[in-house]
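For reference, the structure is listed below as structure tokens.
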Amino acid sequence: MHVLGIETSCDETGLALYDSDRGLLAHALHSQIALHATYGGVVPELASRDHVRKVLPLLDQVLAEAGLTRRDVDAVAYTAGPGLVGALLVGAAIGRSLAWAWDVPALAVHHMEGHLLAPLLEPDPPPFPFVALLVSGGHTQLVRVDGVGRYTLLGESLDDAAGEAFDKTAKLLGLGYPGGPELARLAEQGDPQRFRFPRPMTDRPGLDFSFSGLKTFALTTLQDEGMVARADIARAFEDAVVDTLVIKCRRALRHTGLERLVVAGGVSANRRLREGLSAMAEAEGGRAYYPRPAFCTDNGAMIAFAGAQRLSLGQHDPGPGFTARPRWPLAELPALREEGTA
Ligand code: KG4
Ligand code: ZN
């Protein structure tokens, strides 16, 4: 089965073709970073318009790369949420129109399920069950994963997501958008001993997070010390986020009795976080799994893959109507017939 994946939930247009026998055949990504950089963040209307421009050219690109024609596509999976409503509607409308025109099934995919399953695209994928840490611009969640579609939320951020905290703190430090990678680069030059930021909510039980206080901590430190201290502030901030995530992931592994940790979403590209989580998981007698860096942030491959899994487990979303769900709790995903992978 050849499944086309379309991702348009935010500021990247991603398309991919996944073959349930041969694996990933092709993927293509157009990033809107340059488009939004002048504004210091994503402008939703510009994002939607750019997705409209890019989806079909990228479709031709992935078909050519895979050596397929439109007639070879057996199903179309598109991100139906969560995300920016206008941006989601572009992928949903094009995805469902293509599926209707080609007379193949269309599948509404949850963006965070895409992230969560992305490490399964790698060689030596983690077997179920595992604990997943989802760290993106919009979400920070710990999830127990017993199979495709079998998710139990263990904890989540009560305020800012980790990526959002990176982006907001980067802005305070005068860095461009998206701030996460830039802040991580600046932190490389920072002195880890100079400031110590708190590790929020680690001194009480539970698996929830709170990152908005760290941004305030960065702001007050910046006001006291001035811009000359920005690299040291970046380092203190990054260390605090990484440490907090490591502590909570260790707690989640112990709480569930599981030994495999899957880490996905944009912030999982962070080198220090990967090192910290891998060391912790190994010390606990387990292992951490990540997507390749290109599939940590938004991409079409994870949507094609999640769509292929759901198709093989019997999901079928009858048309022709469709919706996009800007807010869509993972727990509300449609139930599936059985556990397994395609
Ligand atoms: O998963 P993603 O591409 O989009 C969402 O679904 O939100 O995640 C984007 C987020 C942004 O907040 C970005 O700053 C952050 O991931 N990010 C990073 C790094 N690379 C991306 N944060 C810290 N360090 C990085 N290397
Ligand atoms: Zn994402």
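Counting starts at 1 for both ligands and their atoms, in listed order.
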Is the NZ or CZ atom of Arg260 positioned over Tyr289's six-membered ring, under 6.0 angstrom from the centre and within 45° of the axis? no
Indicate yes or no: does Asp191 engage Arg194 in a salt bridge with an N to O separation below 4.0 Å. no
Record the part of His115 in heavy-atom contact with ligand 1 below 4.0 Å; permitted values are side chain, backbone, both and neither. side chain
Does Leu153 reach the side chain of Leu330, with side-chain heavy atoms less than 4.5 Å apart? no
Atom indices of ligand 1 within 4.0 angstrom of Thr297 heavy atoms, with elements: 3 (O)
Are the charged groups of Arg70 and Asp60 less than 4.0 angstrom apart, N to O? yes
Polar proximity ligand 1 side, Gly265 side, N/O cut 3.5 Å exclusive: no
Polar proximity ligand 1 side, Gly266 side, N/O cut 3.5 Å exclusive: yes
Answer yes when Glu259 and Arg287 have at least one side-chain N-carboxylate O distance shorter than 4.0 Å, and no when they do not. no
Closer than 4.0 angstrom: is that true for some heavy atom of Gly138 and an atom of ligand 1? yes
Do Glu7 and His111 meet the criterion of a side-chain donor-acceptor pair at a distance under 3.5 Å? yes
Considering only the protein, which heavy-atom contact is closest to atom 22 (N) of ligand 1, and what is its distance? Gly180 CA, 3.5 Å
Salt bridge between Glu164 and Lys215, side-chain N to carboxylate O under 4.0 Å? no
Quick check: does His115 put an N/O/S atom under 2.8 Å from the Zn ion (ligand 2)? yes
Would you say Asn270 has any N or O atom under 3.5 Å from an N or O of ligand 1, going by distance alone? yes
Under 4.0 Å between a side-chain nitrogen and a carboxylate oxygen: does that hold for Glu225 and Arg230? no
Identify whether the distance between the nearest side-chain nitrogen and carboxylate oxygen of Arg235 and Asp232 falls below 4.0 Å. no
Using a cut-off of strictly less than 2.8 Å, determine whether His139 has an N/O/S atom near the Zn ion (ligand 2). no
Looking only at heavy atoms, is any part of Asp298 under 4.0 Å from ligand 1, and if so is it the side chain, the backbone, or both, or is it neither? both
So which protein heavy atom does atom 11 (C) of ligand 1 come closest to, and at what separation? Asp167 OD2, 3.5 Å
Nearest heavy atom to atom 5 (C) of ligand 1 wins, so pick from Ala184, Ala161, Gly137, Ala269. Gly137
Where ligand 1 meets Gly163 - atom numbers and elements under 4.0 angstrom, heavy-atom basis: 12 (O)
Using a 3.5 Å cut-off on N or O atoms only, is Gly179 in polar contact with ligand 1? no
State whether Glu238 and Arg271 are salt-bridged, where the test is any N-O pair (Lys NZ or Arg NE/NH1/NH2 against Asp/Glu carboxylate O) under 4.0 Å. no
Just to be sure I read this right, does ligand 1 sit under 4.0 Å from the backbone of His111, its side chain, both, or neither, counting only heavy atoms? side chain
Between the Zn ion (ligand 2) and Asp298, which N, O or S atom of the residue is the nearest one? OD1
